[in-house]
Number of protein chains: 2
Amino acid sequence: AKEVAKLLEMKAQLGGDEGKHKFVLKTPKGTRDYSPKQMAIRERVFNAIITCFKRHGAEVIDTPVFELKETLTGKYGEDSKLIYDLKDQGGELLSLRYDLTVPFARYLAMNKITNIKRYHIAKVYRRDNPAMTRGRYREFYQCDFDIAGQFDPMIPDAECLKIVHEILSDLQLGDFLIKVNDRRILDGMFAVCGVPDSKFRTICSSVDKLDKMPWEEVRSEMVGEKGLSPEAADHIGEYVQLHGGLDLIERLLQDPKLSQNKLAKEGLGDMKLLFEYLTLFGITGKISFDLSLARGLDYYTGVIFEAVLLQQENDHVEEPASVGSVAGGGRYDGLVGMFDPKGRKVPCVGVSIGIERIFSILEQRVEASEEKIRTTETQVLVASAQKKLLEERLKLISELWDAGIKAEVLYKKNPKLLNQLQYCEETGIPLVAIVGEQELKDGVVKLRVVATREEVNIRRENLVEEIRMRTSQP
Amino acid sequence: AKEVAKLLEMKAQLGGDEGKHKFVLKTPKGTRDYSPKQMAIRERVFNAIITCFKRHGAEVIDTPVFELKETLTGKYGEDSKLIYDLKDQGGELLSLRYDLTVPFARYLAMNKITNIKRYHIAKVYRRDNPAMTRGRYREFYQCDFDIAGQFDPMIPDAECLKIVHEILSDLQLGDFLIKVNDRRILDGMFAVCGVPDSKFRTICSSVDKLDKMPWEEVRSEMVGEKGLSPEAADHIGEYVQLHGGLDLIERLLQDPKLSQNKLAKEGLGDMKLLFEYLTLFGITGKISFDLSLARGLDYYTGVIFEAVLLQQENDHVEEPASVGSVAGGGRYDGLVGMFDPKGRKVPCVGVSIGIERIFSILEQRVEASEEKIRTTETQVLVASAQKKLLEERLKLISELWDAGIKAEVLYKKNPKLLNQLQYCEETGIPLVAIVGEQELKDGVVKLRVVATREEVNIRRENLVEEIRMRTSQP
């Protein structure tokens with residue numbers, strides 16, 4: 001046996017030697033593995049999100065990780081350069097998906113679906129410069145919920161905001177604010193400020209930077225780089241500092257210039273309706289109509305929104321400052337039509353939860369609290385105090401598995417009892433089922449509670465029930 | 001409002017027109033979307049598998065969908081040509097993962113983990129010629145369970161087989177057989193048959209084809225293409241038709257040639273031990289020690305196994321024939337050492353469940369049975385019989401959501417009651433909570449059971465409890 005093992009080892013080491021200088025032991029730039037502990041935290045977050053999506057009646061779909069390159073072309077504006085392409089290997093030209101929204105629109109058009117409420121949780125890929133400490137990766141999860149279909153105005157839009165509110169409250173990430181705006185209000189604002197039609201999108205991109213740059217810098221980008229007149233820029237500057245609630249909406253509906261612009265008026269009317277629905281949902285306290293919110297992506301056509309976490313109170317700063325976006329979304333009524341051969345439109349509104357940032361926050365919190373997180377759900381370890389009982393342990397654990405009990409056994413012929421108990425301590429297994437000569441004779445198993453060290457003999461036929469009872473979740 | 005809509009539509013259609021002739025509305029070759037109904041079936045299968053993996057105490061990890069190209073190089077033999085490479089965009093050379101085993105080994109070496117029991121469920125990628133009707137895709141899920149660590153022989157190996165047995169029994173796919181062999185027995189057999197050392201792997205590949213080709217064809221490949229002597233081939237031919245249980249193992253342990261070969265003897269000794277453990281688990285009835293089982297991958301070093309579904313009894317064939325592999329795995333003691341800078345080895349054994357084929361079978365079964373599968377979990381639709389009650393519906397549904405009830409509402413200001421009831425019939429929502437003027441005055445909600453049409457007034461403060469009671473799973 002030893003010789004064979006040696007031969008195999010030599011064989012493997014040959015492989016190892018070849019590789020020694022060749023292999024770089026790492027994951028690709030901007031990506032990471034998830035350890036069991038990280039996965040345990042991640043699954044908590046996913047559960048909260050999926051539970052919420054299901055509470056709102058969503059179905060679930062899945063799409064391939066790559067799409068035909070042309071499916072993604074022309075959807076992301078400047079960000080298209082961040083798309084990962086696959087090597088052309090004599091087949092189709094393929095790219096890794098950049099988000100879940102474009103594949104969703106492709107799915108609707110391809111299957112001629114005009115009406116669906118679905119969620120999709122999957123990884124997306126962006127060749128961005130990763131800032132991994134802040135939870136930004138090249139491979140990351142998106143959790144999307146979208147409502148597609150022709151409906152009465154603002155009801156699905158309001159539900160999307162309710163969902164963001166529920167998820168962020170449920171995850172207890174601290175105080176948050178959901179900023180809301182409307183692309184039509186932005187476009188109307190640009191029009192009345194004297195921005196030429198052709199510059200709407202590029203000026204919109206500049207406004208989008210207001211969460212990261214002071215107004216002065218954004219203004220000089222508009223005027224210097226993008227050739228906007230200083231007067232128009234200053235005019236925009238007045239609007240984009242406005243934020244508030246229904247009162248602000250009412251005031252802007254009376255604004256002598258904006259009220260003359262059809263797009264703006266339409267947007268403001270819908271914003272008012274949205275706030276009425278949000279009032280019924282009881283969530284306006286955390287919603288701010290904010291004229292500086294622009295959102296980068298081209299495909300939005302109506303309401304847009306973004307949720308930010310606010311600095312915690314104990315951070316001792318004067319005014320709560322945003323510490324980053326954790327959810328965003330909006331209405332995109334034109335995207336499905338871009339895929340439909342006849343241009344048939346399917347109005348859509350949706351929200352994407354920024355799971356990686358949430359995950360980073362919770363991970364740091366767990367680290368700080370030294371909370372012990374279990375990475376398995378094992379209810380009982382099947383153990384023995386004496387030697388030569390491997391067969392009895394295997395027989396017992398097989399019975400437990402077949403009864404649906406989560407059970408483990410050490411993969412040793414004759415493990416020490418101390419090592420078996422230690423394994424339970426380390427991994428959080430609450431119970432130990434101990435077989436020994438005497439117990440076998442008596443037809444019992446000794447059940448030990450790891451936390452209290454209490455031991456009690458249980459008749460073998462009652463063991464499954466006893467374990468279930470002692471480990472049932474309250 | 002209409003004008004704005006028209007403008008937006010024109011804008012979107014412009015986009016649509018541009019795209020009209022350009023877009024090919026399809027998913028990449030060999031891939032597919034999953035519809036909500038398919039996802040519902042898929043989640044059932046995943047749940048059964050994950051439940052089993054957790055029952056056996058596994059943790060869970062995740063790794064990136066792509067690896068450095070060099071991580072995958074030299075691990076898959078001839079199949080390396082099937083790996084998807086990413087385009088070199090001035091960064092690292094990356095490839096999509098081909099399986100979950102090599103990333104697992106990379107993960108262990110990189111994190112210096114010598115001891116773990118983990119599962120990993122994720123998509124893998126192979127540029128194979130897809131046979132999608134038979135459940136073969138270029139993008140597909142693997143469900144892997146592996147045990148890494150230095151343990152007493154065959155205990156983890158036996159647990160892997162127990163897991164396959166549990167999952168296939170649980171999923172009720174019909175009769176199945178788990179074939180078992182050992183690479184050391186194969187290599188020993190090759191040696192005593194007179195196969196030169198240098199031809200072990202390539203002859204092993206030929207033997208691997210015995211599940212798809214008759215012996216005569218495999219023999220002519222060995223002799224014709226691979227230059228094996230006819231005598232050696234015939235000698236192999238005698239061995240590879242053998243299959244059985246403990247009796248066969250005992251017989252081969254007495255075989256005058258095999259028993260003289262150290263590798264074979266070692267393999268047979270371990271096989272005997274394995275069968276003893278499988279007897280304790282009570283699963284030898286579905287296990288066959290089969291000398292024709294070879295498994296394609298290079299990295300196996302010990303036990304190998306493969307589970308096949310057998311033709312159903314009602315298929316009216318004389319002998320049960322295999323209809324395809326649904327799980328496979330084995331021991332690979334050298335793979336982690338190929339990644340470790342010092343060649344340190346971590347013995348591993350694992351199993352991979354072939355979820356796509358299982359999923360195809362269950363999908364066909366659902367289609368045939370016309371079983372109606374719910375794709376949402378909604379417990380109640382909030383409805384109204386009269387007009388102008390949208391606000392009341394939104395108020396009520398908000399209360400229900402906040403109480404954790406899964407609830408939907410039609411996104412219409414004044415939906416007809418009939419349409420609301422029809423929606424419940426279509427989507428399987430069991431309850432309707434109806435608000436009307438009278439109910440509002442009386443402080444009640446009318447709760448309707450869709451299946452029986454029974455209606456009962458429930459006091460609003462008791463509604464949540466009533467819905468919970470009526471929709472709780474038994």
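Worth knowing before you read on, the calculation uses all heavy atoms, side chains too, and leaves out hydrogens, waters and symmetry mates. Numbered from 1 within each chain, the chains take letters A, B, ... in sequence-line order.
- Residue contact with chain B, scored on non-hydrogen atoms closer than 4.5 Å, involves the backbone and the side chain of Val65(A) alike.
- Between chain B and the residues Gly57(A), Ser398(A), Pro28(A), the most heavy-atom pairs under 4.5 angstrom are made by Pro28(A).
- Using a 4.5 Å cut-off between heavy atoms, Glu391(A) contacts chain B through both its backbone and its side chain.
- A salt bridge links Asp270(A) with Arg184(A): the closest approach of a Lys/Arg side-chain nitrogen to an acidic carboxylate oxygen falls below 4.0 angstrom.
- For Tyr299(A), no part sits under 4.5 Å from any heavy atom of chain B, backbone or side chain.
- Comparing Glu43(A), Arg127(A), Arg118(A) by how many heavy-atom pairs each has under 4.5 Å with chain B, the most go to Arg127(A).
- Listed by chain and residue number, Lys162(A) satisfy the salt bridge (charged side-chain N to carboxylate O under 4.0 Å, His left out) test with Asp402(B) (two or more places apart in sequence, or in another chain).
- Every residue two or more places apart in sequence or in another chain that forms a salt bridge (charged side-chain N to carboxylate O under 4.0 Å, His left out) with Lys123(B) is listed here: Asp62(A), Glu139(B).
- Salt-bridge formation is not detected for the pair Lys345(A)/Asp333(A): no Lys NZ or Arg NE/NH1/NH2 atom is positioned less than 4.0 Å from an Asp or Glu carboxylate oxygen.
- When heavy atoms are compared at a cutoff of 4.5 Å, Leu390(A) approaches chain B solely by way of its side chain, counted from C-beta outward.
- Taking the six-membered ring where the residue is Trp, Tyr119(A) and Phe53(A) present tilted rings, their angle falling between 30° and 60°.
- Under the 4.0 Å criterion applied to side-chain N and carboxylate O atoms, Glu408(A) and Lys117(B) are assigned as salt-bridge partners.
- Contact annotation for Glu159(A): only side-chain heavy atoms (C-beta onward) come within less than 4.5 Å of a heavy atom of chain B.
- Proximity to chain B (any heavy atom under 4.5 Å) is shown, for Leu68(A), by both the backbone and the side chain.
- Taking the six-membered ring where tryptophan is involved, the planes of Tyr125(B) and Tyr84(B) are perpendicular, since the angle between them exceeds 60° and thus also 30°.
- Interface remark: Ile147(A) contributes side-chain atoms only to the contact with chain B (heavy atom separation under 4.5 Å).
- Of the atoms belonging to Ala58(A), it is backbone heavy atoms, and not side-chain ones, that fall under 4.5 Å from chain B.
- For Arg106(A), the parts lying near chain B are the backbone and the side chain together; criterion is any non-hydrogen pair under 4.5 Å.
- Heavy-atom distances place no part of Leu400(A) under 4.5 Å from chain B, backbone and side chain included.
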